[in-house]
Amino acid sequence: MKVVIVGGVAGGATAAARLRRLDEQAEIVVFERSGYISYANCGLPYYIGGAIEDRDALTLQTPESFDARFQVKMRVRHEVTAIHPDRKTVAVKNLGTGEVFEESYDKLILSPGAKPAKPPIPGIDLDRIFTLRTVEDTLRLKDYIGTARPKSAVLVGGGFIGVELAENLRELGLEVTIVEQLPQLMSPFDPDMAAFLHSEMRKNGVRLALGRAVAGFETRDGGVDVLLKDGETLHADLAALAIGVTPDTALAKEAGLELGLRGSIVVNDRMETSLPDIYAVGDAVQVKHAVTGQDALISLAGPANKQGRIAADNICGGDSCYLGSQGSSVLKVFGMTAAATGLNETAARRAGLDVDRVVLSPMSHAGYYPGGKLMTMKVVFEKGTCRLLGAQIVGYEGVDKRIDVLATALRAGLSALQLKDLDLAYAPPYSSAKDPVNMAGFLVENLEKGVVKQFHLEDVDTLPRDGSVTLLDVRTPQEYAGGYVEGFQLIPVDALRKRLGELERGKPVYVMCQSGLRSYIACRILAGHGFETYNFSGGFRFYDAVRNDRRLIERASACGMDQ
C-alpha cells in the first residue's frame, strides 16, 4: 500500500507516524510546500518574543529525523499542484529545482491546513505587513525586528495570534496597538468575560481599537500607515495581519471534492471525503460541533492531531471515528490565563438554545493557604435540562486545570448539576475542599431547586428606581465606599438580621455583594423572613469590570481615538 500525504504539519505528520506504527510495509510519502515539517504553530509568537530562544525547538521533527524513525519520505519544498482522482495521482512541483512530476497513490490524505485571511484592501501586500502562520513567516518577522529595530506595531485582529503576538512584541519593548473589527478580543469568550482580557492588555500597555475596521495600508516615513474606515490613521514601524484563517482548499475544489463552510472540505466521521480513497484532516476540514451537532470550522492543533490518527487507523483497516470538536482552548495573556470550552452564551443563543449561566469568583486554592488568586468562571447550561453547554474562565492560577475538568465533563455528557458530584483532588496549595467546579454545580443546583433566583448584568440598569423594589448591597462600608451601583442601599450582611425593619415587606429584594456569595447568604436570610429575593450573578466585582470596559470602548468610539 502506498499513501501520499499533502501537508506535513499537525494532521499530516501525525497521520504519517500513525500509519507507520500500524503498517511497517506501507510506502508513505509526505509533500510539504514549506521548508519545515511537524512544527509548533502555537509556539511561533513566543519565538518572536524570545521566550523560546532556540529556533530548532519550533520543529518537533526534521525530515531527516522523521525518516530515520518512521521510514517516511518527507519531501519539503514540494508543492502538490493538482489531484487526479481518476488515475490516482498527484502533480507535484519541486520548489527548489522547478521539476514537475506525478506521484501515484493508493490512499491520499489531504492536510493542507489554512492560510492567513488577507482581505482585498489597498496595500495588503506591502513589505512592512507580516503574517504569522509558518516558520518562514516567523523567521521573516524575527529577522526584521532584529535588523530594523522597530519601535511600534499595529496588529490587525484580536484572536489567538493577535493577542499572543501583542504580548511578545510588548516584551521586546514595542508600542503595540490591536485593531479589531468586533467590539471585543477573543470571540470564544462572551463580551463580559473578554472585559477581563481587555483590562490585562491595557494594564500591560497594549492599546485597543475595538469595533474598528481597516480600510487599507500605505507606506510613509519608513513605516506603514494603517487606514481605518472611520477616517483615522495609525502609523507604526510594522503591521501584522492576524484576522483569522481560511481553509486552503483550492486543490480539493479543483479535484471535485465536496466543499462546505467557507470552502472547507466535507468529510464523514471517518475523515473520508466525497471521493474514494481520499481522506482529509486538520484546519481544512468541516467538522461537527460536539455540543450543537452543527457544521463548524475549528482550527486548533488538538483536533488536527486526532483527525490524522483517525484517518491513518481507517486506512489500515480500523474503524475509528471523530466525534466532533468542542473548541477547548487556553491562552496566556501576560500574567493572566484565559480558557474556554464548548459554547459561550452568545454562541448558544445564536444556535437557538434556551440558556442560563452562573458566574462565580472562586479562589484558585484554599483561602487560608498563602498565594491564592481569584478567578472568574462562567458556566453556560440549558434551561430545564441543565445540559452543560460550555464554560469560560479567566484568572491567574488553576485556570487550565478547571477548564480541562469542565471540558471532560462536557465530552462525557454530564449535566451542569452533576458538576457538584465530581470527586476532585484537594490539598490547600492546589484547591479547596469545595473545588470551583463543584461550586459551579452547587450554584446550578440552587437555581434548579428554587433555593435562589438570580438577576444578571443586563438587568441592573432596567431595575426600577421608583421604590417599587428594594435594591440592597450587603458588602462592608469600606467596599461600598470604593464603588457601588446607583440606587443600591447598604446593609452589611452580618447586620442584616438586626436591620430587617429597614426593608419594606411585600417588595422584591435585589441583592448584590462583591462576588455573589454574601448576597446569596443574604437572600437566604431574607427568604427565611418572608421576602422575595434575587441574587446578582457575578457580584459587584464582575459588574464593575464589565461596565468599566464598556465605558472605555464607548469613550474611544466617541472621540475616535484608540484606547
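Excluded from the calculations below are hydrogen atoms, water molecules and symmetry mates; all remaining heavy atoms, backbone and side chain alike, are included.
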N168 and P45: which non-hydrogen atoms are nearest, and at how many Å? CG-O, 3.0 Å

If you round to the nearest 0.5 Å, how far is CZ of R87 from OG of S104? 11.5 Å

Within the side chain of T273, is there an N or O that forms a donor-acceptor pair under 3.5 Å with the backbone of I278? yes

Could you tell me whether the side chain of R20 and the main chain of F70 form a donor-acceptor pair under 3.5 Å? yes

Would you confirm whether T138, through its side chain, and T134, through its main-chain N or O, come within 3.5 Å as a donor-acceptor pair? yes

Does atom CD (E53) have a neighbourhood of more than 12 heavy atoms from anything else shown, all under 6.0 Å? no

Verify the neighbour count for atom CZ of R21: are there more than 12 heavy atoms of other residues, nucleotides or ligands below 6.0 Å? yes

Atom pair CG (L44) and CG (L141), whose distance is rounded to the nearest 0.5 Å: 10.5 Å

Is the Y144 ring parallel, tilted or perpendicular to the F130 ring (thresholds 30°, 60°)? tilted

Just so I know, are the side chains of C42 and F160 near enough to count as touching, which here means a heavy-atom distance under 4.5 Å? no

Within-4.5 Å side-chain heavy-atom neighbours: L155 and T177: no

Test salt bridge (charged side-chain N to carboxylate O under 4.0 Å, His left out) on K288 and D269 and set out the steps. CA-CA 9 Å; K288 295 293 183 184; D269 59 4; over 6 Å; no

Is a donor from one side chain sitting under 3.5 angstrom from an acceptor on the other, for R411 and Q326? yes

Residues E136, R140: salt bridge by 4.0 Å N-O rule: no

Do T249 side-chain atoms and A252 backbone N/O form a donor-acceptor pair below 3.5 Å? no

Between atom CG of L422 and atom CG of L406, what is the distance when rounded to the nearest 0.5 Å? 8.5 Å

Check: E27/Y105 side-chain N/O donor and acceptor closer than 3.5 Å: no

Within a 6.0 Å radius of atom NZ on K253, are there more than 12 heavy atoms belonging to other residues, nucleotides or ligands? no

Is a donor on one side and an acceptor on the other found under 3.5 Å between the side chain of S415 and the backbone of L417? yes

Quick one: does any side-chain atom of R387 pair with a main-chain N or O of V291 as donor and acceptor, under 3.5 Å? yes

Would you say R270 and Y279 are linked by a side-chain donor-acceptor pair, where the criterion is simply a distance under 3.5 Å? no

R18, CZ atom: more than 12 neighbouring heavy atoms under 6.0 Å: yes

Please find the pair of heavy atoms, one from C316 and one from L22, that lie closest to each other, and give the distance. SG-CB, 3.8 Å

Please determine whether the number of non-hydrogen atoms from other residues, nucleotides or ligands lying under 6.0 Å from atom CG of D86 exceeds 12. yes

Give, for atom NE2 of H198 and atom CD1 of I553, the distance between the pair rounded to the nearest 0.5 Å. 5.5 Å

Is the closest basic N to carboxylate O distance between R133 and D283 below 4.0 Å? yes

Would you say E272 and N268 make side-chain contact, with heavy atoms under 4.5 Å? yes

Just to verify, which of Q184, R357, Q392 counts as forming a side-chain hydrogen bond (donor to acceptor under 3.5 Å, both in side chains) with D190? Q392

Do we see a donor-acceptor contact under 3.5 Å between the side chains of S34 and E32? yes

I'd like to know if the side chain of D106 reaches the main chain of V3, judged simply by a donor and an acceptor atom lying under 3.5 Å from each other, with no hydrogens or angles considered. no

Restricting to non-hydrogen atoms, name the atom on A13 and the atom on S38 that form the minimum distance, rounded to 0.1 Å. CB-CB, 4.1 Å

Run the numbers on F31 and I5 for side chain to side chain contact (heavy atoms under 4.5 Å, CB included), then give the verdict. CA-CA 6 Å; F31 294 112; I5 301 174; over 6 Å; no

Can you check salt bridge (charged side-chain N to carboxylate O under 4.0 Å, His left out) on K332 and E167, steps first, answer last? CA-CA 9 Å; K332 180 180 179 294; E167 175 183 347; 2.2 Å; yes

Minimal heavy-atom distance between V179 and L234, with the atoms involved, is CG2-CD1, 3.6 Å

Trace of the side chain to side chain donor-acceptor pair (under 3.5 Å) decision for Y36 with Q61: CA-CA 9 Å; Y36 300 85; Q61 294 274 0; over 6 Å; no

Among V355, L419, V358, the one residue meeting side-chain contact (heavy atoms from CB on, under 4.5 Å) with F381: V358

Before accepting this row, confirm whether a basic side-chain N of the pair R212/E180 lies closer than 4.0 Å to the acidic partner's carboxylate O. no

The reported gap from OG in S320 to CE in M271 (rounded to nearest 0.5 angstrom) is 11.5 Å

Side chain to side chain, V394 and T337, heavy atoms closer than 4.5 Å: no

Gap separating the CD1 atom of I265 from the CG atom of L261, nearest 0.5 angstrom: 13.0 Å

So, S364 side chain and G398 main chain: donor-acceptor pair closer than 3.5 Å or not? no

So do L132 and L165 actually touch side chain to side chain, heavy atoms under 4.5 Å? yes

Note: A339 and F189 closest approach over all heavy atoms is O-CE2, 3.3 Å

If the threshold is 4.0 Å, N to carboxylate O, is there a salt bridge linking D356 and K383? no

With side chain to side chain contact (heavy atoms under 4.5 Å, CB included) as the test, would you mind laying out the steps for M336 and F334 before giving the verdict? CA-CA 6 Å; M336 179 175 277; F334 293 96; over 6 Å; no

CD of Q181: more than 12 outside heavy atoms within 6.0 angstrom? no

Is it true that D277 and K88 make a salt bridge, defined as a side-chain N closer than 4.0 Å to a carboxylate O? yes

Look at the side chain of N344 and the backbone N and O of P191, then say whether any donor-acceptor pair between them is shorter than 3.5 Å. no

Do NZ/NE/NH1/NH2 and the carboxylate oxygens of R349 and D354 come within less than 4.0 Å? no

Under 6.0 Å from the CG atom of D56, do we count more than 12 heavy atoms belonging to anything else shown? yes

Under 3.5 Å, side chain of D67 to main-chain N/O of P63, donor-acceptor pair present? no

Distance under 6.0 Å and angle within 45° of the ring axis: does K142 meet both against Y47? yes

Nearest heavy-atom pair of I403 and I393: which atoms, and what distance? N-CD1, 3.7 Å

